Amino acid sequence: MATPAVAEQNVQLEQENTTEEGSIEETQSELRQNDFVDQFPEFKTCPSEALEPIRYQPLLGADGEPIRIYSDEASRENDMAYLTGNVRVSQNQQQLTADRLIANNKTKSYRAEGDLLFTNQNFVVGAESLDYYSLEGSTSIEDTRFHLYSNNGNGRAENIRVDNKQVLTLSNTDFSTCPEDQKSWVFESDEIVIDRDSGWGKAYNSVVKIADIPVFYLPYITFPVDDRRKTGLLPPSFSNSNRNGRDISAPYYVNLAPNYDLTLTPRYMTSRGSMLGTEFRYLTPQNYGELFFEYLPNDKAATNNNGEALPDKRWQYDLDHTTQFTDNWSSGIAARKVSDDGYFQDFGGSIEDSNQDILSQNLYVQYLSQDWLMRTEYQDWQLLNSPVERYTIAPRVQLTRFFEPSDSGFEAKIHSELTRFDKDNAVTAERYHVEPSVAWSHETLYSFFRPELSFAYTQYEQTDLSGNDQSIDRSLPTLSIDTGLFFERTLNFDDGDMTQTLEPRLFYLYTPYEEQQNIAIYDTSLPTFNFTQLFSRNRFSGIDRIGDANQVSGAITSRFLDEQGREKASVSIGRTVYLKDRKVTMLNLPVETDKQSGLLAEVNWRWTDSIEIKSAIEWDDQTNETTHGLVNLHYEPKENHILNLGHRYRKTVNRTQEEAELAFAWPMAQDWRLLGRYNQDLTENRTNDSFLGLEYESCCWAVRVVARRYINIQLDSQGALVPDQPDEHSSGVYIQFVLKGIGSLQGSTTKFLEDSIYGYEDLLGK
C-alpha cells in the first residue's frame with residue numbers, strides 16, 4: 001500500500017539526481033557521522049492498544065516540501081544515476097531507505113535494492129528490491145514484510161504489484177494481528193487483489209491457520225477496504241442445543257443497489273432440517289422498510305416424532321413498510337405472523353421469545369397537519385397458545401380537529417372515530433364515537449393549573465349470532481383538574497452544590513356512572529395500576545368502558561440535581577382516594593368499594609457513577625400486603641465490571657409471582673472475563689434462565705464460550721404453565737471466535753448477553 005506514494009516521489013527524485021549533484025556530497029559526510037542504518041523493526045509485543053509509530057516514523061515535514069536524498073556515494077553516467085550506501089529518500093513524513101538505488105531518466109524507472117525499508121505514519125514495509133516504471137505507472141516489490149500501526153496487522157508477501165490503476169496485488173501472502181513470535185493465527189492466501197476504486201478486495205485459495213493447524217479454507221472471498229457495501233459471505237454462526245441439535249447458518253449479503261439490498265441466510269439444524277431466511281431492505285425518497293421471511297419446508301421433528309403436533313412446514317414473516325406521499329400524507333404496513341403456536345418456542349432462543357403471545361397485522365393511511373389528523377386503518381391479530389380470538393378492526397376511521405391555543409391559555413379539540421369489529425362466531429359491531437374537549441392551562445415558574453372538560457358520545461350497532469341488531473347509546477361528561485407546585489433549594493456539599501426539588505401534585509377526576517354491561521368488550525382492557533394511572537382520565541384502556549369516577553389522586557416527588565442538571569436521585573410517593581364506589585367493571589366483576597388505592601412509591605438512586613438503584617412498590621395498607629414490588633441494583637465501579645441484583649414480586653387475585661436474579665460480567669485476570677446470569681422463579685421453584693460464560697481476549701484473537709439453560713415453555717396470561725408440554729427447558733453451548741483483523745465466527749451470543757446483563761456491551765473483537 002506504500003508503493004504509490006514511493007513511486008510519486010521518485011519521479012521527482014530523478015530530477016534532483018540530475019540537478020543537485022552538490023547536495024549529495026554534502027550529505028555524505030552527515031550520514032557517515034550518524035552511521036545511518038535501517039532495519040525492519042521486530043514487533044514482538046502484544047499491546048492492549050494499537051502501536052504508535054514513534055521509533056520508526058520518518059522525520060516530520062510540511063506538505064509540498066522538496067524530496068531530500070542522501071547516500072554515502074553517488075555518480076551519474078548519461079541517463080543513469082547510481083546511489084549506493086545508506087540511501088535515504090524522504091518527503092512529507094514518508095521515507096525510503098535502501099543499500100542501492102539506480103535511476104534511469106530515459107525510461108523513467110528506478111530500482112532500489114538491499115535492506116529496503118519504507119515508512120510513513122501508518123505502516124512500515126521492508127523488502128529485498130523495488131522496481132518502478134513511470135511510463136507504465138506500475139511498481140513491483142519482492143520479498144516484502146509489512147506492519148500496520150493501526151491494528152498491529154503484519155505479514156509477508158512474495159511479491160507486491162501495483163498497476164497504473166492503483167490495483168494492488170499480493171502473491172503468496174500471509175496476514176495476522178498477532179506478534180511475530182506469537183502467531184496464534186495466520187490468514188494465508190495464494191493471491192490478494194485490492195482495488196481502491198471499487199473499495200473491495202478479493203482473496204484466492206485462503207486458509208485460516210490456528211497454531212499452524214489449518215481450520216478453515218475459502219477458495220474465494222471478498223472483503224471491504226473502506227466503508228462501501230459489497231456482495232459477499234458474512235460471518236457464519238454456530239451453536240448446539242438439545243432442541244435443534246447442531247445449528248449452523250451462513251448469511252450471504254447481496255448488494256443489489258445503493259438503496260436496497262438482500263441478505264440470504266441458509267441454516268441447517270441436525271434435528272429439524274434446512275431453513276432459509278430472507279431479509280430485503282429498501283430506501284427511496286418516498287418509501288422505506290424491510291421484509292423478513294424464513295421458511296423450513298420439512299421439519300424433521302414433526303415427521304419423526306410429532307408429540308407436540310407440529311406442522312411439517314414452519315414459517316415466519318415480518319413486514320415493516322412506510323410510504324411518505326407528501327409532508328402530510330403517509331401510509332404504512334406493520335405485519336408479523338408465524339405458522340404455528342410453537343414457532344418461537346423452537347426458534348426464539350429465550351423465555352421472552354417463547355412467550356410472545358400476540359402478533360399484529362396493521363395497515364394504515366394517514367393525513368397529519370397542525371390542525372387535522374385523519375387516519376384509516378385495518379388491524380388484525382394472531383394470538384398464540386390462546387383458545388380465544390381477538391376482534392379484527394375492519395376498519396377504523398379517525399378524524400381529529402385541533403384548535404390552536406389562545407393567548408389566554410385555552411385549547412380545544414374534537415376527536416371522532418368510526419370502527420367496525422369483526423370476529424367469527426361472536427357478536428359483531430360498528431362503533432361511532434365523538435369526544436369534544438376544552439382545557440385551560442395556566443403555568444408559572446412555581447406552579448401549574450390545568451382543568452379539562454370533555455363530553456363523550458358513543459353509539460354501538462351490535463349484531464348477535466342470530467342476526468339480531470341492537471343499538472346502544474352512551475353519553476358521558478368527564479371533568480379533571482390537574483394542579484401542582486414546584487419548589488427548590490440549594491444544598492451545599494464538599495464536592496459541589498446540588499439542587500433539591502419538592503413537587504406536590506393533585507389530580508381530581510369526575511365521571512358520572514352509566515350502566516355499560518350490555519356493551520361487549522371489543523378493544524378494551526384494565527391496565528396495571530401504576531403512577532401513570534394516578535393521573536389518567538379513564539381507568540380503562542379503550543372506550544368500551546368509561547369508568548365512573550369521583551376521586552382525588554395525590555403524589556409528591558423530590559429530586560436531587562447536580563450542577564449540570566443531571567438527576568442523581570428521586571423519590572416519589574402517591575395514591576388515589578375514592579370518594580365513591582366504582583360500579584363500572586369488566587366481565588361482570590363486583591363493584592369496587594375500596595376507599596383508597598394502594599400506596600405507590602418509587603426510588604431511583606444514581607448518586608455516584610458506580611451504583612444505580614431502581615425500585616418501586618405498591619403497598620395495600622388495608623391488608624398490610626405488598627401487591628407489586630421490584631428492586632434492581634446495578635454496580636459498575638469500573639468499565640465492564642458489572643454486577644446486577646434484582647427482585648420482582650406481583651400478587652394478583654389468581655396468582656403470586658416472585659423472581660430473584662443475579663447477573664454479572666467481571667474480569668478475572670488481564671485477558672479473562674467471567675459472565676453469567678441466574679434467574680429463579682421463587683413461586684414455582686424453577687430456574688427461568690441461567691448461563692455461565694468465559695471470555696478470553698488478547699490483542700489478536702478472542703474466544704467466548706457460554707453454556708446456557710433456559711425455560712422454554714408457554715405460559716398463560718397469569719404466568720402459569722400451559723399443560724401437556726413435554727419439554728420444559730432448553731440447553732445449549734454457544735461459541736464465538738474472533739480473529740481480529742478478518743472478522744469473527746460468531747454464535748448467537750451477543751443479543752441475549754446484552755439483553756440479559758444490564759449495562760453489558762459486547763466488545764469482543766472490537
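The basis for the numbers below is simple: all heavy atoms, side chains too, and nothing from hydrogens, waters or symmetry mates. Predicted, not measured: the structure shown is a model, and the values here were computed from it.
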Q | F293: partners by side chain to side chain contact (heavy atoms under 4.5 Å, CB included), with sequence neighbours left out | A | Y295, W315, Y317

Q) side-chain contact (heavy atoms from CB on, under 4.5 Å) between N640 and Y760: does it pass, once the steps are laid out? A) CA-CA 7 Å; N640 295 322; Y760 175 85; 5.9 Å; no

For a quick test of your reading: what N or O donor-acceptor pairs under 3.5 Å do the side chains of residues 210-221 make, sequence neighbours left out?
from	atom 1	to	atom 2	distance (Å)
Y217	OH	N205	OD1	2.8

Q. Does NZ or CZ of R88 come closer than 6.0 Å to the centre of the six-membered ring of Y70, within 45° of the ring's axis?
A. yes

Q.
I'd like to check the salt bridge (charged side-chain N to carboxylate O under 4.0 Å, His left out) partners of D190; sequence neighbours left out, ordered by chain and number.
A. none

Q: Output, in order, the C-alpha distance, side-chain angles, deciding distance and verdict of side-chain contact (heavy atoms from CB on, under 4.5 Å) for L694 and W672.
A: CA-CA 7 Å; L694 188 64; W672 295 87; 3.6 Å; yes

Q) Mind checking what makes side chain to side chain contact (heavy atoms under 4.5 Å, CB included) contact with S189, not counting sequence neighbours? A) T173, F187, I192, A203, S206

**Q.** Distance in Å, E636 CD paired with L643 CG, rounded so as to fall on 0.5 Å steps
**A.** 10.5 Å

Q) Which atom pair, heavy atoms only, marks the closest approach of I642 to W666? A) N-CE3, 3.5 Å

Q. Which pair of heavy atoms, one from E279 and one from F292, lies closest together, and at what distance?
A. CB-CD1, 4.1 Å

Q: Give a yes or no answer on whether the side chain of D163 reaches the backbone of V167 with a donor-acceptor pair at less than 3.5 Å.
A: yes

Q: Starting at OG1 of T107, measure out to CG of D79 and round the result to the nearest 0.5 Å.
A: 8.5 Å

Q) Just wondering, do M668 and R673 contact through their side chains at under 4.5 Å, heavy atoms? A) no

(Q) Would you say that L296 contacts F347 through its side chain, given a criterion of any heavy-atom pair below 4.5 Å between the two side chains? (A) yes

Q.
Just so I know, are the side chains of L116 and T97 near enough to count as touching, which here means a heavy-atom distance under 4.5 Å?
A. no

(Q) Is there a side-chain contact between V706 and V733 in this structure, where contact means two heavy atoms from C-beta onward sitting under 4.5 Å apart? (A) no

Q | Exercise: do S140 and N159 side chains pair donor with acceptor under 3.5 Å | A | yes

Q) Any sub-3.5 Å donor-acceptor pair from D247's side-chain atoms to S239's backbone N or O? A) no

Q: List for me each residue that meets salt bridge (charged side-chain N to carboxylate O under 4.0 Å, His left out) alongside K183, sequence neighbours excluded, and say none if there are none.
A: none

Q: Starting at CG of D346, measure out to CE of M269 and round the result to the nearest 0.5 Å.
A: 9.0 Å

Q) Looking only at heavy atoms, which two atoms of G693 and L674 are closest? And how far apart? A) O-CD1, 3.3 Å

Q.
I want to check something: taking the side chain as every heavy atom from C-beta on, are F146 and F175 in contact at a cut-off of under 4.5 Å?
A. yes

Q. Would you say the side-chain atoms of D143 pair up with the backbone N or O of S129, donor to acceptor, closer than 3.5 Å?
A. no

Q. Is a side-chain N or O of N154 found less than 3.5 angstrom from the main chain of C178, in a donor-acceptor match?
A. yes

Q. Under the 3.5 angstrom rule, does the side chain of N78 hit a backbone N or O of M80 as a donor-acceptor pair?
A. no

Q) Closest heavy-atom contact between A127 and T144? A) CB-CG2, 3.8 Å

Q) What residue pairs, at least two apart or across chains, pass ring-ring contact (aromatic ring centres under 6.0 Å, His included) with a residue in residues 240-264? A) none

Q: If a pair satisfies salt bridge (charged side-chain N to carboxylate O under 4.0 Å, His left out) and one of its residues is in residues 285-295, list it, with sequence neighbours excluded.
A: none

Q. Can you check side-chain contact (heavy atoms from CB on, under 4.5 Å) on V254 and T263, steps first, answer last?
A. CA-CA 6 Å; V254 184; T263 302; over 6 Å; no

Q: Spell out, as yes or no, whether a donor-acceptor pair under 3.5 Å connects the side chain of W185 to the backbone of T177.
A: no

Q: Drop me the distance from L283's CG to N259's CG, to the nearest 0.5 angstrom.
A: 6.5 Å

Q) What residues form a salt bridge (charged side-chain N to carboxylate O under 4.0 Å, His left out) with E113, not counting sequence neighbours? A) R100, R111

Q.
Run the side-chain hydrogen bond (donor to acceptor under 3.5 Å, both in side chains) test against K202 and tell me which residues pass, sequence neighbours left out.
A. none

Q) Can you tell me how far the CZ atom of R704 sits from the CD atom of E695, to the nearest 0.5 Å? A) 4.0 Å

Q: Measure across Y82 and E77 and return the closest heavy-atom pair with its distance rounded to 0.1 Å.
A: CE1-CB, 4.2 Å

Q: Decide side-chain contact (heavy atoms from CB on, under 4.5 Å) for I757 and L675; before the verdict, give the C-alpha distance in whole Å, the side-chain angles of both, and the deciding distance to 0.1 Å.
A: CA-CA 9 Å; I757 305 175; L675 46 90; 4.3 Å; yes

Q: Taking the side chain as every heavy atom from C-beta outward, state whether D320 and I333 have any pair of such atoms under 4.5 Å apart.
A: no

Q) Looking at P297 and S274, what are the two nearest heavy atoms and their distance? A) CD-O, 3.3 Å

Q) Rounded to the nearest 0.5 Å, how far does CG of D99 lie from OG of S71? A) 11.5 Å

(Q) I'd like to check the salt bridge (charged side-chain N to carboxylate O under 4.0 Å, His left out) partners of R281; sequence neighbours left out, ordered by chain and number. (A) D261

Q. Is any side-chain heavy atom of F691 closer than 4.5 Å to a side-chain heavy atom of Y734?
A. no

Q: Quick one: do R246 and N240 satisfy side-chain hydrogen bond (donor to acceptor under 3.5 Å, both in side chains)? Show the steps, please.
A: CA-CA 4 Å; R246 291 179 293 278; N240 184 52; 5.1 Å; no

Q: Would you check if the distance from the ring center of Y282 to the ring center of F280 is below 6.0 Å?
A: yes

Q: List in chain and number order the residues that pass side-chain hydrogen bond (donor to acceptor under 3.5 Å, both in side chains) with S249, two or more places apart in sequence or in another chain; answer none if no residue qualifies.
A: S237

(Q) So, using side chain to side chain contact (heavy atoms under 4.5 Å, CB included) as the criterion, who are the partners of T322 when residues are at least two apart? (A) Y288, Y364

**Q.** Validation row: L168, V193 side chains within 4.5 angstrom (heavy atoms)
**A.** no

Q. If we ignore angles and hydrogens, is there a donor and acceptor under 3.5 Å between the side chains of T323 and N287?
A. yes

